[in-house]
Amino acid sequence: MTALLLSFVFLLSFLGKMEAAETSGCKIRITNKGLEKLKSETEKFVEEELCNISMPEMMGKEGRFQYTITDVKITELILAHAELQFIPDVGLLFDIQNSSISLSFHRQILYWFFYDTGNINASAEGVNINTAVNLIRDHEGRLKINNITCDAKINRMRAKFSGTLGKVYDFVAKFLTTGMRFFLNQRICPALNHAALVHVNSLLETIPVRTEVDNYIGIDYSLIEDPVVTSRSLDMHFRGMFFDLSHQNLTLVNYAVDPIIREYDRMVYLALSEFFFDSGMFSYYTAGIFQMDIVNEKMPKDLEMLLRTTYFGTIMITNPALVDAPLALQLAVNSPPKTTIKTSGATVFMTAIVKVMLLPPGQPAVQLSSMTLEAKFNAKVSMKGKRLAVHADLRRFKIFSNQSALESLALIPLQAPLKTMLQMSVVPLINNWTKRGVRIPLADGMDFVEEVVEYHNGFIVIGANLHFSKGLREMMLGNTNSTTMA
């Protein structure tokens with residue numbers, strides 16, 4: 001009994017390890033150079049968040065002095081030193097040191113029977129803010145800020161009075177600034193916590209996790225594990241799998257090579273394995289997209305004449321009355337196309353069944369022949385913005401009869417015109433689906449620029465720089481507005 005229990009525990013452990021070892025079809029690496037690009041946007045965002053801090057009305061009495069402070073406004077964050085860096089195994093660190101905050105507020109002061117009002121310009125100096133953000137994979141497979149650790153401290157404050165009794169009241173600035181510094185210290189971290197946990201997570205929700213690509217297929221970009229953070233990069237491993245919208249549980253098993261990113265020179269890298277492309281082909285195949293009828297105006301006249309000549313004898317034996325009936329080609333891919341990626345480039349191999357049909361009006365279609373078509377395409381991968389596209393060119397083509405070796409010899413004259421038909425009819429159809437591209441898992445407002453595609457054995461790596469089409473706050477507000485409108 002004990003041995004059986006131990007065996008069961010071992011099996012569960014083994015299955016758990018197998019599940020944890022899921023291979024990624026898509027990886028993204030953000031490097032220190034990418035973080036440096038993000039730093040300026042982060043600085044703007046933090047300044048905007050601090051300027052939105054609301055301060056309470058302050059009232060107090062010191063001897064004969066009674067004061068009320070209202071309309072406290074932070075006008076500017078002056079950064080003397082700011083760093084945005086990776087924290088290994090945790091996430092990100094945003095560190096502000098020895099900086100200053102400019103602010104203004106309105107005073108009302110009563111001294112004996114003198115009453116004075118006016119504005120005060122103040123500055124908080126020696127501002128130190130240390131914010132650490134923990135990044136995880138949530139239950140939906142989305143990148144998320146799980147926790148934020150914040151420590152803020154203001155060393156000193158200065159205030160300058162204006163108005164009739166400005167110089168007289170300079171000595172009470174100590175009381176006012178002490179209270180002001182206390183409240184600022186209490187308000188900075190909650191403001192940044194809210195910004196990260198609400199606004200930034202809202203932005204991360206714009207990254208597609210499981211979404212439709214077109215009317216036939218969707219894509220699963222869920223993270224298969226927590227992001228891997230080192231001192232040099234943030235690596236995210238996505239499932240990177242397409243699926244048929246009408247059969248979402250019918251998916252391809254990933255046996256492909258795990259894509260590897262070794263570089264750190266660009267701001268961002270995208271790695272895609274053969275599985276990424278194969279799952280797309282598999283999903284289109286199960287959706288029934290890879291089949292078409294070439295008939296009437298779609299049939300090239302010279303091809304129709306050649307087919308009629310080639311199968312004239314078959315038509316006469318079958319039924320001489322059908323000799324003038326329209327001819328058609330029925331093309332159906334009979335297995336999911338297979339992608340091969342090597343250092344020399346990417347190719348896609350496809351096989352299809354081609355049937356030569358007679359279509360007599362008002363009568364059932366008559367099959368004249370069945371042949372197997374083998375085609376090999378060059379696939380050129382490109383990136384524009386945040387959309388990945390593939391362009392296919394026919395490289396090799398072969399047909400042979402499914403009925404007899406003798407008929408295969410008779411099909412030799414059909415090789416060239418059928419290849420031309422593929423180039424003119426089928427290849428444009430494939431490129432029409434793929435040229436629209438599929439969005440990669442990148443937040444709204446961020447795009448790839450200056451892309452370089454490199455081919456490796458079993459996967460491709462695209463290195464690029466990042467471009468922000470709008471600021472972080474605008475990106476977040478845009479997402480909030482979209483959610484509200486929806």
Side-chain angles (χ1 to χ4, degrees), residues 26-52 76-79 81-87 91-96 129 131 133 135 142-145 148 191-192 194-209 211 221 223 227 229 232-236 238 261 263-271 382-389 437-453 461-483:
C26 168
K27 293 182 179 180
I28 287 183
R29 165 173 290 174
I30 298 176
T31 66
N32 277 322
K33 290 187 177 181
L35 211 58
E36 188 65 28
K37 178 73 173 179
L38 185 61
K39 175 186 168 183
S40 60
E41 295 298 328
T42 305
E43 290 174 358
K44 294 176 189 175
F45 175 69
V46 169
E47 180 177 2
E48 290 166 348
E49 286 301 310
L50 294 183
C51 288
N52 287 330
E76 186 181 12
L77 172 63
I78 303 170
L79 297 175
H81 175 80
E83 287 290 339
L84 181 63
Q85 60 191 47
F86 295 115
I87 311 175
L92 300 174
L93 171 69
F94 186 61
D95 187 45
I96 296 174
I129 305 173
T131 305
V133 172
L135 296 170
R142 189 185 302 277
L143 181 66
K144 183 179 180 181
I145 295 176
I148 179 169
L192 295 181
H194 181 267
L197 296 174
V198 177
H199 296 318
V200 178
N201 276 338
S202 176
L203 174 63
L204 294 176
E205 288 179 0
T206 68
I207 301 175
V209 171
T211 185
Y221 277 132
L223 287 166
V229 187
R232 303 175 68 187
S233 67
L234 167 67
D235 288 0
M236 293 168 285
F238 301 93
I261 305 174
E263 296 84 2
Y264 295 88
D265 295 334
R266 310 297 291 272
M267 294 182 184
V268 62
Y269 290 91
L270 171 70
S382 62
M383 174 76 72
K384 186 175 183 181
K386 60 171 67 66
R387 301 197 73 82
L388 181 81
V438 58
R439 178 177 169 177
I440 62 170
L442 206 63
D444 287 341
M446 298 173 64
D447 294 309
F448 277 29
V449 294
E450 302 168 352
E451 311 89 352
V452 176
V453 181
V461 176
I462 302 175
N465 291 325
L466 285 172
H467 170 71
F468 286 86
S469 58
K470 44 191 175 182
L472 283 178
R473 174 164 292 279
E474 186 182 355
M475 291 158 64
M476 294 170 193
L477 290 177
N479 181 54
T480 302
N481 293 337
S482 299
T483 304

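Atom CD of E451 is separated from atom CE of M383 by 7.0 Å, given to the nearest 0.5 angstrom. Taking CG of D95 as the reference point, atom NE2 of H81 lies at 6.0 Å (rounded to 0.5 Å). Summarising the geometry, atom CG belonging to L234 is positioned 9.5 Å from atom CD1 belonging to I28; distances are rounded to the nearest 0.5 Å. Note that the CG atom of L204 and the CG atom of L135 stand 8.0 Å from one another [nearest 0.5 Å]. For the atom pair OG1 (T42) and CD1 (I96), the distance works out to 10.0 Å, reported to the nearest 0.5 Å. K144 contributes atom NZ, which lies 8.5 Å from atom CG of L197 (distance to the nearest 0.5 angstrom).
In this structure the side chain of L143 reaches within 4.5 angstrom of the side chain of M236, judged on heavy atoms. Between F86 and R232 there is no side-chain heavy-atom pair separated by less than 4.5 Å. Counting only heavy atoms from C-beta outward, the side chains of L270 and K27 never approach each other to under 4.5 Å. Looking at heavy atoms from C-beta onward, T211 lies out of side-chain contact with V209 at the 4.5 angstrom threshold. No side-chain heavy atom of L93 sits less than 4.5 Å from a side-chain heavy atom of L84.
Among H467, K386, K384, the one residue that satisfies the side chain to side chain donor-acceptor pair (under 3.5 Å) test with D447 is K386. Of the candidates F94, F45, F468, F468 is the only one forming a side-chain contact (heavy atoms from CB on, under 4.5 Å) with L38.
Closest heavy-atom contact between N201 and I145: OD1-N, 2.8 Å. Looking at every heavy atom in both residues, A196 comes nearest to I148 through CB-CD1, 3.7 Å. Of all heavy-atom pairs between Y221 and P208, the closest is CB-O, 3.3 Å. The minimum heavy-atom distance between L466 and M446, with the atom names listed, is CD1-CE, 4.0 Å. In terms of heavy atoms, T206 sits closest to R439 at O-NH2, 3.0 Å. For the residue pair L77 and E47, the shortest heavy atom distance occurs at N-OE2, 3.4 Å.
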Please lay out, stage by stage, how F448 and I440 fare under the test side chain to side chain contact (heavy atoms under 4.5 Å, CB included). CA-CA 10 Å; F448 277 29; I440 62 170; 3.7 Å; yes
Under the side chain to side chain contact (heavy atoms under 4.5 Å, CB included) rule, what do L35 and L92 come out as? Steps first, then yes or no, please. CA-CA 9 Å; L35 211 58; L92 300 174; 3.8 Å; yes
Run the numbers on V452 and V461 for side chain to side chain contact (heavy atoms under 4.5 Å, CB included), then give the verdict. CA-CA 8 Å; V452 176; V461 176; over 6 Å; no
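Looking only at distances, a side-chain donor or acceptor of K39 sits under 3.5 Å from a matching main-chain atom of A82.
Residues satisfying the salt bridge (Lys or Arg N to Asp or Glu O under 4.0 Å) test with R266, not counting sequence neighbours, are none. By the side chain to side chain donor-acceptor pair (under 3.5 Å) test, D235 pairs with R29, S233, sequence neighbours left out.
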